[in-house]
Amino acid sequence: QAAPAPSSSNDDTARAGSASTMPTRSAEDILAGDVRVLLDARAPERFRGEDEPVDPVAGHIPGAQSLHTARLLDAEGRYLPGRLLRELFADAGAGDDQPVTAYCGSGVTAAQLVLAAHEAGIEATLYPGSWSHWITDPSRPVATGPA
């Protein structure tokens, strides 16, 4: 069976075939303030805008917090227990049952944050366009430095 064709739209649901869905958010949702906790899954130096090996613009979406996916893993590369994941998410502003939206460079690594949030009992959505999509519109703001 052939793999589904990639979608060029940034609709409300990411689809893997037709069997599963993942809730998503758009750039418009973020700009409208409909996202309360926005987490960036990229390495801290990319988040701060100090090193950008992939995209032509460095930095992060204003208001986002950094939660690098490497912090979610133990020494064997497995997810930390749910209790420890909850602590990491709380430290990034996702406490008190705050739903989170995750993004990264292109949406792939951020899916790991969404899975870790699920394991921690936290509601999470994905901004699938991520940084690479965000910077395609020069009217969208860009931040550098820590949060």
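All values below were derived from every heavy atom in this structure, side-chain atoms included, with hydrogens, water molecules and symmetry-related copies excluded.
Contact record, T136 with P138: O-CD, 3.5 Å, taken as the closest heavy-atom pair. When all heavy atoms of Y127 and Y103 are compared, the closest pair comes out as CD2-CB, 3.9 Å. Across all non-hydrogen atoms, the minimal contact from L72 to Q112 is CD1-O, 4.2 Å. Shortest non-hydrogen contact noted between A111 and L126 is N-CD1, 3.9 Å. The minimum heavy-atom distance between E52 and V54, with the atom names listed, is OE2-N, 3.0 Å. Considering all non-hydrogen atoms of both residues, A41 and A110 come closest at CB-CA, 4.0 Å.
The side-chain heavy atoms of P53 and D51, taken from C-beta on, include a pair separated by under 4.5 Å. Inter-residue side-chain proximity for R42 and T109 is flagged as unmet; no heavy-atom pair is nearer than 4.5 Å. V142 places a side-chain heavy atom less than 4.5 Å from the side chain of W131.
Donor-acceptor pairing under 3.5 Å is recorded for the side chains of T125 and T101. For S132 and D55, the side-chain atoms include at least one donor-acceptor pair closer than 3.5 Å.
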Evaluate I135 against R140 for side-chain contact (heavy atoms from CB on, under 4.5 Å), listing each step before the verdict. CA-CA 7 Å; I135 61 171; R140 293 184 190 133; over 6 Å; no

Go through the steps for Y79 and T69 under the test side-chain contact (heavy atoms from CB on, under 4.5 Å), then give the verdict.
CA-CA 10 Å; Y79 280 112; T69 53; over 6 Å; no

For the pair V37 and V35, evaluate side-chain contact (heavy atoms from CB on, under 4.5 Å) and give the outcome as yes or no after the intermediate values. CA-CA 6 Å; V37 179; V35 172; 6.0 Å; no

Is there a side-chain contact (heavy atoms from CB on, under 4.5 Å) between L31 and W134 once you walk through the steps?
CA-CA 10 Å; L31 288 167; W134 184 263; 3.6 Å; yes

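The local environment of CD in E87 is crowded, with over 12 non-hydrogen atoms from other residues, nucleotides or ligands closer than 6.0 Å.
For the atom pair OG of S66 and CZ of R71, the computed distance is 7.5 Å after rounding to the nearest 0.5 Å. In this structure, NE2 on H118 lies 12.0 Å from CD on E123, to the nearest 0.5 angstrom. A distance of 10.0 Å separates CD1 of I30 from CG of D34, quoted to the nearest 0.5 Å. Distance NE2/H68 to SG/C104: 10.0 Å, rounded to 0.5 Å.
The residue from V100, L85, L113 that alone fulfils the side-chain contact (heavy atoms from CB on, under 4.5 Å) condition with I122 is V100.
Hydrophobic clustering of Ile, Leu, Val, Met, Phe, Trp and Tyr side chains at less than 4.5 Å, counting indirect connections, keeps V108 apart from F47. The hydrophobic clustering, which links ILVMFWY residues whose side-chain heavy atoms are closer than 4.5 Å, places M22 and F89 apart.
No donor-acceptor pair closer than 3.5 Å links the side chain of S130 to the backbone N or O of G105.
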